[in-house]
2 protein chains.
Amino acid sequence: MPKRVDHAQRRTEITEALVRVAGRRGLHAVGMRDVAAEAGVSLRLIQYYFETKEKLLLFGLEYLTQRFGERVAARIKAVGGAPGPRATIEALLLAALPTDDESRTFHFLYTSYAVLAMTDEALAAQPFIANPDAAEEAVAGLLRQAQDADLVAPGLDARGEAIGLLAMSAGLGTGILVGQRDAASATGVLRLHLDRIFGAP
Amino acid sequence: MPKRVDHAQRRTEITEALVRVAGRRGLHAVGMRDVAAEAGVSLRLIQYYFETKEKLLLFGLEYLTQRFGERVAARIKAVGGAPGPRATIEALLLAALPTDDESRTFHFLYTSYAVLAMTDEALAAQPFIANPDAAEEAVAGLLRQAQDADLVAPGLDARGEAIGLLAMSAGLGTGILVGQRDAASATGVLRLHLDRIFGAP
DNA sequence: TTTTTCATGGTACAGCCGTATCAAGTTGAT
DNA sequence: ATCAACTTGATACGGCTGTACCATGAAAAA
């Protein structure tokens with residue numbers, strides 16, 4: 001047998017190359033040859049590990065969602081366990097904002113995928129809708145938790161507020177992306193809204 | 001001389017064909033030949049009226065923004081002049097939501113353009129950022145107006161709230177677009193938020 | 001050492017894209 | 001009626017795309 005190679009790792013390397021070049025030139029403009037050049041391998045190798053472009057793109061999407069999930073989890077862990085629901089929610093929402101380069105490309109590619117998914121059945125079937133749902137559930141849970149601790153009004157519609165919060169965060173994110181708003185202003189707006197849900201600071 | 005044709009109208013017809021086919025198959029997948037077929041004319045004619053594809057796309061964007069502006073204005077007019085700032089804001093925000101087919105394709109294509117603009121300089125230079133800014137100013141003005149009429153808390157940060165409101169509306173819009181949420185739920189969330197800004201109903 | 005299986009490279013093939021070119025039809029003015 | 005400006009058509013070209021094919025290197029198993 002030949003030298004056995006860790007397929008999973010190779011696929012990850014290639015996927016990272018895809019993400020890099022797509023983040024630079026746009027997902028729509030990326031070809032297999034670009035990915036090969038970025039990864040420093042031959043075109044044939046890309047075909048070898050992902051038979052078709054569609055499969056490569058699908059894997060790229062999985063990679064992004066997983067990577068992003070880790071990022072958010074890390075940010076939440078970073079604020080510590082104790083400081084209460086408000087800080088956790090804030091960390092979660094701010095982690096989703098495209099403030100640095102990594103989250104910027106993530107946001108960018110994620111929207112690109114969303115646009116593609118609107119006409120591509122294979123992408124539409126992909127459950128990258130599941131992650132937002134999970135986030136929604138998490139925020140709603142935290143709000144209910146705050147309700148139990150008398151930190152917010154008892155009559156609050158936790159799920160509705162969670163949906164609104166996440167939608168606002170997403171909207172602000174694309175606002176930053178297109179250069180319409182800067183990160184500081186976006187976090188300010190988000191905090192303003194949180195201030196009204198929780199008591200004033 | 002030959003039969004003189006109204007250039008402006010021809011260009012509009014072609015642009016409408018572009019919007020139709022792009023709304024169906026996605027902006028990224030649309031070619032000049034598709035537009036020609038959809039418009040029922042020859043490829044050459046598309047080149048004649050828009051020398052290059054880029055110019056066609058640019059004109060398509062202008063067309064969309066103008067069309068959308070008219071739509072929002074009509075919706076606002078429809079609620080009448082009297083019923084106060086809250087109703088006007090609500091109408092404005094709900095008009096931006098992709099509830100019917102027309103606003104759906106609009107939202108879809110607008111996002112597509114935004115994604116393209118992230119890597120295309122010519123599109124990025126285009127001031128389709130200006131419209132959101134105008135909307136922001138309008139909402140902020142209405143909020144200040146409500147402040148003067150003692151309909152909202154006097155300490156309210158009108159501009160911040162306006163930004164948040166529009167961001168939430170945009171986020172909910174894409175949520176509807178990707179099938180994650182339905183229109184009714186989105187309007188509910190929006191009203192929930194408005195209820196907290198203005199007094200409860 | 002030979003064989004077999006995996007890994008990689010090079011290259012060719014259709015097909016589509018946007019654009020350019022050549023050509024012809026149409027109609028108002030002269 | 002003739003001319004010339006305007007409008008439309010057909011087609012060709014170079015470039016790029018994703019994919020398929022053929023070949024070869026390398027190393028574990030026999």
Side-chain angles (χ1 to χ4, degrees), chain A residues 1-22 24-61 112-113 115-117 119-123, chain B residues 1-22 24-61 112-113 115-117 119-123:
Chain A
M1 299 247 188
K3 71 168 167 188
R4 305 290 307 240
V5 169
D6 187 345
H7 270 226
Q9 181 189 337
R10 262 276 199 274
R11 285 166 65 93
T12 305
E13 286 172 18
I14 294 177
T15 306
E16 280 167 351
L18 161 69
V19 168
R20 278 198 304 274
V21 67
R24 226 181 301 129
R25 298 214 280 269
L27 188 60
H28 64 278
V30 152
M32 313 243 82
R33 286 165 177 83
D34 302 304
V35 178
E38 176 75 24
V41 299
S42 77
L43 168 61
R44 177 67 180 82
L45 214 70
I46 312 286
Q47 296 184 252
Y48 182 69
Y49 286 100
F50 306 87
E51 285 126 57
T52 172
K53 184 186 187 183
E54 188 175 52
K55 291 180 183 172
L56 171 59
L57 289 180
L58 249 46
F59 196 81
L61 180 55
S112 303
Y113 270 112
V115 167
L116 282 188
T119 55
D120 185 319
E121 287 203 20
L123 276 178
Chain B
M1 299 236 187
K3 72 169 167 188
R4 302 290 307 243
V5 170
D6 186 344
H7 271 226
Q9 182 189 336
R10 263 275 199 272
R11 285 167 65 92
T12 306
E13 286 172 17
I14 293 177
T15 305
E16 280 168 351
L18 161 69
V19 168
R20 278 200 304 275
V21 67
R24 227 182 300 127
R25 297 214 280 267
L27 188 61
H28 63 280
V30 87
M32 313 242 82
R33 287 164 176 84
D34 302 303
V35 177
E38 176 75 24
V41 299
S42 76
L43 168 61
R44 177 70 179 82
L45 212 71
I46 313 286
Q47 296 184 251
Y48 181 73
Y49 286 101
F50 306 87
E51 286 125 56
T52 173
K53 184 187 186 182
E54 188 173 53
K55 291 180 183 171
L56 171 59
L57 289 181
L58 249 46
F59 196 80
L61 180 55
S112 303
Y113 270 112
V115 167
L116 282 188
T119 54
D120 186 317
E121 287 202 20
L123 277 178

- Message: For B/Asp120 and B/Glu54: C-alpha separation, side-chain torsions, deciding distance, then whether side-chain contact (heavy atoms from CB on, under 4.5 Å) applies.
- Response: CA-CA 10 Å; B/Asp120 186 317; B/Glu54 188 173 53; 3.9 Å; yes

- Just call it for B/Tyr49: base, sugar-phosphate, or nothing, with non-hydrogen atoms closer than 4.0 Å on any strand.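 Sugar-phosphate contact only - B/Tyr49 comes under 4.0 Å of backbone atoms but never of a base.
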
- Would you mind classifying the nucleic acid contact of B/Val35 as base, sugar-phosphate or nothing, using non-hydrogen atoms under 4.0 angstrom?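 It contacts nothing in the nucleic acid.
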
- Message: With a 4.0 Å limit, can you tell me whether B/His7 has a side-chain N or O closer than that to the phosphate oxygens OP1/OP2 of D/dT7?
- Response: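 The answer is yes; a side-chain N or O of B/His7 sits under 4.0 Å from OP1 or OP2.
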
- OP1 or OP2 of D/dG18 sitting under 4.0 Å from any side-chain N/O of A/Thr52?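 Result: no.
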
Among [options], the one nearest [X] by side-chain distance:
X       : options                : value
B/Arg33 : D/dA12, D/dT8, D/dG18  : D/dA12
A/Ser42 : C/dC17, D/dT19, C/dT8  : C/dT8
A/Tyr48 : D/dG18, C/dA20, C/dT8  : C/dT8
B/Leu43 : C/dT19, D/dG18, D/dT8  : C/dT19
B/Asp34 : C/dC17, C/dG18, D/dT17 : C/dC17
B/Arg44 : C/dC22, C/dG18, C/dG9  : C/dC22

- Task: Using a 4.5 Å cut-off on heavy atoms from C-beta on, say whether the side chain of B/Thr119 contacts that of A/His28.
- Result: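 Side chain of A/His28 against side chain of B/Thr119, heavy atoms only: contact under 4.5 Å found.
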
Nucleotide [N], atom [atom2] - distance to [atom1] of [X] in whole Å:
X       : N      : atom1 : atom2 : answer
A/Glu54 : D/dT17 : CD    : C1'   : 15 Å
A/Leu45 : D/dA23 : CG    : C1'   : 16 Å
A/Met32 : C/dG9  : CE    : P     : 15 Å
B/Gln47 : C/dC22 : CD    : P     : 14 Å
A/Gln9  : C/dA7  : CD    : P     : 13 Å
B/Ile46 : C/dA20 : CD1   : C1'   : 16 Å
B/His28 : D/dG18 : NE2   : P     : 13 Å
A/Glu51 : D/dA20 : CD    : P     : 9 Å

- Taking B/Arg11 for the side chain and B/Tyr49 for the main chain, is one N or O donor matched with an acceptor at less than 3.5 Å?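 Yes; judged by distance alone, with no hydrogens or angles, the pair exists.
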
- Item | B/Leu57 side, atom CG; B/Phe50 side, atom CZ - distance, nearest 0.5 Å |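 So the gap between those two atoms works out to 10.0 Å.
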
- Closer to the 5' end of DNA chain D via nearest nucleotide, is it B/Val41 or A/Gly31?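 Going by which nucleotide is closer to the 5' end, it is B/Val41.
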
- Minimal non-hydrogen separation, B/Leu61 against B/Tyr113, with atom names: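 Looking at all heavy atoms of both residues, the shortest contact is N-OH, 3.5 Å.
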
